[in-house]
Amino acid sequence: MAKSIDLKSTINLPRTSFPMKAQLPQREPQQLAEWEEQGIYRRILESRKNAPIFSFHDGPPYPTGDIHLGTGLNKICKDMVVKSKTMAGFRAPYIPGWDCHGLPIETKVEKDLGGKKHSVSAAEFRRMCRAFATKYVDQNRRDFKRLGIFGQWDHPYLTMDPEHEAVIAEAFLTFLEKGYAYKGLKPVYWCLHDRTALAEAEVEYENHTSPSIWIRYKVEEAPNLKVKRPGGGEFYALVWTTTPWTLPASMALAFHPDLEYVLAEVENGDVYIVAKGRVNAVQEETSLKFVKFSELVRGKVFEGAKFKHPFLERIEPGVLAEYVTLEQGTGIVHTAPGHGAEDFYTGQKYGIETYAPLDDEGRFVEGLLEYKGKTVFEANPFITQLLEERGALVGEAKLTHSYPHCWRCHNPVIFRATEQWFIDLQHDQLRERTLAEIEKVKWFPAWGEERMRKMVAERPDWCISRQRFWGVPLVVFYCEKCGELLRDFRALRNVVKWFEKEGADAWFTHSAAELLPAGTKCKCGASEFRKEKDILDVWFESGSTNLAVLKGEFWPADAYLEGPDQYRGWFQSSLLVAMGVRGRAPYKQIITHGWTLDAEGRPMSKSKGTGELPAEICEKWGADLLRLWVTSQDYQTDMRFSEAMMSQLAESYRKIRNTFRFVLGNLNGFDPARDAVAENELLEMDAWMLHRTAELIEKCRAWYDEYAFHRVFHALYDFLVVDLSAFYFDVLKDRLYTFARHNKARRSAQTAMYRIASALVRLIAPILVFTAEEVWKSLPRAAGDAPSVHMALFPTREELVHSASPNKNENWESLLQVREQALKKLEEARNSKLINSALEARVEMRASGKTLDLLKSYAAWLPQILIVSQVSVASANGAHASSAAAAGAAAAEMEVRHADGKKCERCWNYSVHVGESADYPTLCERCLVAIAEIESSANRGSA
RNA sequence: GGGCCUGUAGCUCAGGUGGCUAGAGCGCGCCCCUGAUAAGGGCGAGGUCGACUGUUCAAGUCAGUCCAGGCCCA
């Protein structure tokens, strides 16, 4: 008589409260609140109190608006560095910062003031800027935390903090004291109407009608030219300009070194130097008609030639400049270093004076009577007339073109050389020493070194002064009597103390007498001083953050990580400031991430509406999905973003989540301390999977070491999908579900699953910070487990594989190959309707040689590995198997038939033994054993 | 225009020092399962390796030119 029993209840199906649906947008904030309550960041650092330091230094973003995808990418990468280093056993604090001073905030505040800037005091204006920055710091901080980034959010560094401003001022004083800082002239945009310097961002291009004149400079001498006196008449260089007023400041004529020039003769025998590519245009736009041309010469021959200024007693040298083009003019550019940015650099290169004889209103303060005392725009026609009188004018017209205007008053602006502070890169070999230091830094990717080297090698002196308010003032005093700089550094450092107390605001609210110690005197004996009005370039400030933030053994930083724009920006400014102050680089490693692009590969932009906000992405997909986006691609190159990508990643995420969920469901009731199987009792397959996991761990740890996060992700994901979900876990189902709960073989499977999951969840924790924690909380606890996955250490190889374990790995690799062949055969059988489920199949294998031996010795495993009911192994006589075996692969001939016997009601395998038991006529022999085990343990009362 | 970088299947990635019919996962198509179930499994179709020209017995891999795109300058 058959026993009546609910067979289903004897099957161990997975059970877990770990939800299949992630609902990240809802669940993540709860996790954040929990972490906040636990003080996770402090606890992590506490747990690494005596660990070796990994000093990461955060590059400060600018708080003017919502954080963008690029900022999100930046911070997530940094967080992965910090978290992975923490899990690798380092003490890795993260102190986020903001770059608070500078023009963008000034202009926003100015806009709010609606043109009433001049009605508020500098101190009041600064107060408004501070309030503005504070508002966005708070907003950004909220968004960053939402991304799962751990750090010292309650005490970030702000460049506008008093202590920070004091460090910046101190750094400048060090530069001044060591002799790096000097005062020189440099052209800046200047508004004549408002009598003020303008930043690049403050000019707007509007149409403007300028004179367009063609003038000739007599050639005094051209030593590199073979022909000394071409033609029968005069010898000229022909020049075109739209700013006649810059001619009094004309100091050189610039040629392009590689362009071709001709000596073109006109009827009366005069000869003109003109770029070959402009000859026709010149004849169209001037009265000149060329009748004869010389051979071509390269522009470089005119370097060092001498030309006579058309109306001043001045001989101008020929110089070379790459920016000379054939788009307009004659291919020869009159160069006024005091009135043009390019001209200025050329002037610097050739050691030519930066001459700009104008006052604040743009009036000539020296020069000929024809224009002296007039403003530049008034002077234009008079200078043109002067040229004509001197016989230098060969063409005149009007030109309407795009010209820079003041954004406030909309008058045309000019370039005007003004006094500025510079850092001298030649002084004390600053440039050379910096170049040497660049070689010592490790660059990720490696091309960073070359990029930085070139930039530092070729950059001009650093202009560090700005004519603004919202920043740290240059701590410089001038003697009211003799005008000399105060160089009493003990006295100057008194100002730093003021800054520590009151911030840089002190500069604007206190007099020189208050800021300096009583009794401070100039060398001339006077004791009255005037404060410098300029503030420091904000890049000097951000370049000083390493000095302010990295204390003691945390300086220099182990790593900086920023976008590619920071080679010119923060990477460089930090390097130069640290070189000047401490004589070495402030970082050991530089990691660069790419730019964020849209699906078409174009830069994200707010105006085009392609800008994605991390906050919105978190609301729609969740922070872990954004982090998955960061990790799925190689962040060291440009990063594309699209909705399609996100939905694909969501699929990947689901797979990861479900695979972990499967483990958790099958570990239901599993207590590692009580149920784990000893190393030497693990089934061979389980031991092998631990070995494979160990290999994966080694690879992932190495990739984390070199910050190759996307490699970690792809490897983990592939392992999870292919090795675990599709193979191992699928195979394990039979053992987990149908074996008795306490059966050793089942416990062996659980032990392996537990150890693998514990390793994987830690490896993935820096990436999926929320999900990993969620899994960690549901994973069975072992003694000594960290309360948070983020406090845990990465798994090690030794943790998974004991050297004593028998190594049968090669056998298993071969069995995997056999499985692959079998799966194809099973698919054929399915398609021909021979079987549906693989369990309906019986696979007949024939092999020879080593493969035959292997298959025979693993005969008991084969049905499980293939998830079929029966496998038979026989010796092959055909040539097929042996040839394949010769190629190195384990190969067998195989055929699929319908399995013998009946389907077991409990385990669904087919067996000829079903029906042999009177008690359980629908069960197979394996299930009879299992039931017996279950019944006996039930009798002992230990469910 | 210059410096630096990127360009392998629809998507995201692998492919030391050049060497068999260029790999993976996802997606897609077809099929199976219904004891991971708004899950799970299998098979399959997709690439002239940005283009061209060289070097070589042999090039995704080396060299040159060009094209497309990015960062920073001008």
Side-chain angles (χ1 to χ4, degrees), chain A residues 7-8 11-16 18 20-21 256 258 321-327 341-342 345 445-455 457-459 563-569 572 592-597 599-603 628-629 631-634 636-640 642 644-652 654-655 657-666 708 710-711 713-722 725-727 729-734 736-738 819-820 822-833 835-840 866-867 887 906-908:
Chain A
L7 287 174
K8 190 116 176 168
I11 303 271
N12 310 302
L13 291 180
R15 247 180 44 213
T16 175
F18 187 88
M20 182 177 273
K21 261 194 99 159
H256 192 289
D258 302 320
E322 300 277 345
Y323 53 78
V324 174
T325 71
L326 292 177
E327 277 162 34
E342 294 174 326
Y345 289 116
W447 51 253
E449 178 174 347
E450 178 63 7
R451 183 164 182 175
M452 185 58 103
R453 198 188 63 75
K454 278 239 162 83
M455 280 190 168
E458 286 163 19
R459 67 158 300 153
D565 50 335
Q566 299 308 330
Y567 281 87
R568 177 148 298 268
Q572 195 177 141
T592 318
H593 67 246
W595 213 249
T596 49
L597 310 176
E600 276 71 51
R602 303 288 167 182
L628 211 53
W629 171 75
T631 331
S632 68
Q633 301 183 40
D634 178 0
Q636 296 186 356
T637 63
D638 290 344
M639 302 277 287
R640 296 207 182 191
S642 68
M645 258 177 205
M646 289 308 285
S647 41
Q648 253 192 234
L649 284 169
E651 290 300 314
S652 305
R654 259 181 227 131
K655 182 73 184 189
R657 185 178 181 89
N658 266 327
T659 307
F660 275 115
R661 182 168 180 271
F662 179 79
V663 175
L664 297 173
N666 282 292
H710 73 291
R711 294 221 150 185
F713 168 69
H714 282 283
L716 282 175
Y717 183 65
D718 282 3
F719 188 74
L720 227 47
V721 171
V722 181
S725 181
F727 170 66
F729 290 169
D730 208 27
V731 165
L732 282 188
K733 282 174 194 167
D734 181 76
L736 290 165
Y737 298 171
T738 69
R819 178 180 134 100
E820 237 174 86
L823 289 178
K824 288 196 210 302
K825 291 286 180 189
L826 286 167
E827 187 61 21
E828 283 171 25
R830 246 193 300 271
N831 290 335
S832 65
K833 301 289 171 205
I835 59 166
N836 289 311
S837 159
L839 283 178
E840 291 169 31
L866 307 188
I867 319 184
R906 184 165 173 276
C907 73
W908 298 346

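We use all heavy atoms of the structure for the numbers below, so side chains are in, but hydrogens, waters and symmetry mates are not. Below, chains carry the letters A, B, ... as their sequence lines are ordered, and counting in each starts from 1.
In this structure G46(B) sits in the syn conformation; its chi angle is within 90° of 0.
Nearest nucleotide to the side chain of Glu827(A), out of A36(B), C43(B), G70(B): C43(B). When distances run from any side-chain atom of Val721(A) to the nucleotides C31(B), G35(B), C26(B), the shortest one goes to C26(B). For His710(A), the side-chain atoms get nearest to C13(B) when compared with the rest of C13(B), C71(B), C26(B). The side chain of Tyr737(A) sits closest to G35(B) out of A39(B), C33(B), G35(B).
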Query raised in the report: Using a cut-off of 4.0 Å between protein heavy atoms and nucleotide atoms, how would you tag nucleotides 2-11 of chain B 5' to 3' with B, S and -?
Result: -BBS----BB
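Applying the side-chain hydrogen bond (donor to acceptor under 3.5 Å, both in side chains) test to Lys824(A) and every residue at least two apart in sequence or in another chain returns nothing. In this view, Glu828(A) and Lys825(A) satisfy the side-chain contact (heavy atoms from CB on, under 4.5 Å) rule, not counting sequence neighbours. The side-chain contact (heavy atoms from CB on, under 4.5 Å) search around Glu449(A) returns Ile438(A), Glu439(A), Trp443(A), not counting sequence neighbours. In this view, Arg15(A) satisfies the side-chain hydrogen bond (donor to acceptor under 3.5 Å, both in side chains) rule with no residue, not counting sequence neighbours. Taking the ring-ring contact (aromatic ring centres under 6.0 Å, His included) definition, one finds that Tyr737(A) meets it with nothing, sequence neighbours left out.
Rounded to a whole Å, the CG atom of Leu720(A) is 11 Å from the P atom of G40(B). In this structure, Lys733(A) places its NZ atom 14 Å from P of A39(B), rounding to the nearest Å.
For Lys655(A) and G40(B), the shortest distance from a side-chain N or O to OP1 or OP2 is below 4.0 Å. The side chain of Arg661(A) places no N or O atom within less than 4.0 Å of a non-bridging phosphate oxygen (OP1 or OP2) of A39(B).
Nucleic acid contact for Thr16(A): none, since no nucleic acid atom lies under 4.0 Å from a heavy atom of the residue.
Comment: Glu450(A) engages Lys454(A) in a salt bridge, judged by a side-chain N to carboxylate O separation of less than 4.0 angstrom.
The P atoms of G18(B) and A59(B) are separated by 13 Å, rounded to the nearest whole Å.
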